[in-house]
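These notes concern the structure reproduced below.
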Number of protein chains: 2
Amino acid sequence: MSRANLRDVAERAGVSVRTVSNVVNTPDVVATTTRERVQRAIEELGYRPNIAARQLRRGRGDVIGLVVPEIDSPYFAELAAHVVRAAEELGWTVLVEQTDGDPARERDLLDGARGHGVDGVVFSPWSLTPAEVSRRAGAPPVVMLGEQAGFGHVDRVAIDNQAAAREATTHLVASGRRRIAAVGLQPHLSNETARHRRAGYREALAAGGLAVDTALEVPVDRLHHADGVRAMEALLDLAEPPDAVFCFTDQLALGALRACATRGLRVPEDVALVGFDDIEAGRYSVPALTTVAPDKQRLAELALATLAERIADRSLPGRDLVVPHTLVVRESAPA
Amino acid sequence: MSRANLRDVAERAGVSVRTVSNVVNTPDVVATTTRERVQRAIEELGYRPNIAARQLRRGRGDVIGLVVPEIDSPYFAELAAHVVRAAEELGWTVLVEQTDGDPARERDLLDGARGHGVDGVVFSPWSLTPAEVSRRAGAPPVVMLGEQAGFGHVDRVAIDNQAAAREATTHLVASGRRRIAAVGLQPHLSNETARHRRAGYREALAAGGLAVDTALEVPVDRLHHADGVRAMEALLDLAEPPDAVFCFTDQLALGALRACATRGLRVPEDVALVGFDDIEAGRYSVPALTTVAPDKQRLAELALATLAERIADRSLPGRDLVVPHTLVVRESAPA
DNA sequence: ACGTGGCATTGCAACGTTGCAAACTGGGTA
DNA sequence: TACCCAGTTTGCAACGTTGCAATGCCACGT
């Protein structure tokens, strides 16, 4: 016996298909006795609505896509947790896709989570250029996360990365550091976020009367711990190593921390470290990470609220929404 | 103008609806010239298949659910990454749901990811009792992850938690530790996995001629860093603190590590630590964590392969599949 | 000229649901 | 008694796609 449908229930309860549908969707319009009889039939047959048919008929499926580079990076994992929770609040379920930062995959998935009939998409790009976010006829609405500027007609939700990076670096300057490195540029990707963070970093240096030394601006391949280790080792191999490092993600910072330990350097005494993202692991590392904390929950909620509005009215103009952040001072770069 | 459908394309290309469908699904049966004409029309109209209609017609939607307690716990995040990748390999997309370990939510979601028309579900339970995994008429097939034994008719994929815990503890015994604690029991949940790990831990103690001291078996509320901190502090407050701690997850171990640092204890000199899960953060902590490493990729692949088989043939008997694990010896508990 | 076989294309129906509007029911009112 | 209205229930059609089976077409061999 296959899965029961409305007709099976209707037959069993001795009512019309339409009435069963009413019991499921608008129970209050059905007479009490009828409703109870139908509900019993539903129970007995184990009826569950066919979502595909409902979606086809209604024109929406209450599913949204979440497209991130990698769901196992702590920042994205934490973000995803907030998105899933916020989505549930709105009656949505979340479909997760990974791009691995691959431009081609980002482009494909931008067109609607592999076409999987989602009502909308929350998209966290790494390498997408603004030009690529256009001409997407028939694709579901998208909200972009992060600092990819210049999309214009597309909604975007992000923290002010440049200001955040400036504050982080200023904190290091203020604590007396004079040779401050930056780790996390990704020149091989058109990663706008990294660019903004570097801009903020440089602003803070200038404001503190420090010169930019490009030898201290270390590019990385990816943003994992291992990349942080490599970058830190490179910095420590310099003739004049830094006395502070601003890492563009906490993962990089934790890698840098590890590299310092391996080399026998003390943090923060010999080198101060600041991260970015405020992932849980950074709150419990030894020493605990000073870091920029984006309000991830707010970010998720705002992204979904924006998406909901756009789904309701696709003619809305594109919006640029800013979410607050704070600098959390911990042991790796104390005041 | 709304979204284009097969009929719009057919009209524009001057062919039948069926031929357009053929171009989309089985291009090789269509003549080259026709195919090109249709493809041009598809491009021009920006046609994208309606997934709901396809799903309704085909009877499957190539979407599976992944139900985990929390997607932002590193272990589940890493697992999810593997699941998403493996799913893509099989042409599936993954819908993620979080239970927060809440029994009621676990029960609901077990019945098919909030009914969201998934073809199958990969379920990672925390507190579900075997009795609850029954009588699910019409619900999609499920593969259970972890050590929830006794489901019988349901497929299950897991590592041998008891053996793994035994090996981890034996490693501590072999390195000369004599007062070995265990952190991670969750007596308030019917968490079978924790039970198995304790059984393995006790086995190893017995084999090493050590007595079980229930004062050294520390329960925790959740499995986060903070719980590890609290548990470790409790252990260090004992009249006779342990010289080694086996934590049931790496997150707990990292919390314990942090607590040791705060108290000025050296790891591994004063206390050795072993974790479980082999999350990335544990590979870069100071000191790096000795831990049990489940083959997560294998776990994900096997779970999905099993699910695929069950979807194909729902009359298959329930299977219990075991995935390999290894003990990775690092600094927190050297040989 | 005609049948044959292979390739290409087509029409019909159905998947399960819900929007719409019509139809029925019973009791209260003019 | 005839009528009306609110409360219930119903039938029909359509959402967009694909399985099935039939039809059309053409080149080839006889």
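Proteins come first, then strands; the chains are lettered A, B, ... in the order of their sequence lines, and each starts at number 1. If you're wondering where the values come from, they're calculated on a predicted model, not measured in any experiment.
Nearer to the 5' terminus of DNA chain C, by closest-nucleotide assignment, is the contact made by B/R57 (compared with the other of A/N25 and B/R57). Between B/L56 and B/V15, the one whose closest nucleotide on DNA chain C sits nearer the 5' end is B/V15.
Each of D/dT9, D/dT18, D/dG16 was ranked by its minimum atom distance to the side chain of A/N22; first place goes to D/dT9. Checking D/dG11, C/dA8, D/dT17 against every side-chain atom of B/T34, the shortest atom distance belongs to C/dA8. Residue B/N50 has its side chain nearest to D/dG16 when only D/dG16, D/dG11, D/dT9 are considered. The side chain of B/A53 lies closest to D/dT17, out of C/dT18, D/dT9, D/dT17. The A/T19 side chain lies nearest to D/dT9 when the options are D/dT9, C/dT9, D/dG11.
As a whole-Å value, the separation of B/R35 CZ from C/dT10 C1' is 18 Å. Look at CG on B/D28: it is 12 Å from C1' on C/dC7, rounded to the nearest Å. Rounded to a whole Å, the CG atom of B/D8 is 11 Å from the P atom of D/dC15. Here D/dA14 presents its P atom at 18 Å from CG of B/L6, a figure rounded to the nearest Å. The distance from atom CZ of B/R7 to atom P of D/dT17 is 10 Å, rounded to the nearest whole Å. Distance, B/N5 CG to D/dC15 C1': 10 Å, rounded to whole Å. Rounded to an integer number of Å, the gap from A/Y47 OH to C/dT18 C1' is 10 Å. The nearest whole Å value for the distance from the CD atom in B/E11 to the P atom in C/dT10 is 13 Å.
With hydrogens and angles ignored, a donor-acceptor pair closer than 3.5 Å exists between the side chain of A/R18 and the base of C/dG19. Checked by distance alone, A/R54 brings no side-chain donor or acceptor within 3.5 Å of a matching partner on the base of C/dT17.
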*What do the steps show when you test A/V118 against A/E97 for side chain to side chain contact (heavy atoms under 4.5 Å, CB included), and what is the final call?*
CA-CA 12 Å; A/V118 295; A/E97 300 270 14; over 6 Å; no

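A distance-only check finds no donor-acceptor pair linking the side chain of A/R35 to the backbone of A/V23 [under 3.5 Å].
Between A/R58 and C/dT18 there is a side-chain N or O to OP1 or OP2 distance below 4.0 Å. Phosphate proximity of C/dT17 to A/S21: absent, as no side-chain N or O sits under 4.0 Å from OP1 or OP2.
B/Q98 and B/I71 make their closest contact through OE1-N, 2.9 Å (heavy atoms, listed as atom of the first residue, atom of the second, distance). Contact between A/E78 and B/D72 at its shortest, heavy atoms only, is CA-CB, 3.7 Å.
The number of heavy atoms from other shown groups lying within 6.0 Å of CD (A/E43) does not exceed 12.
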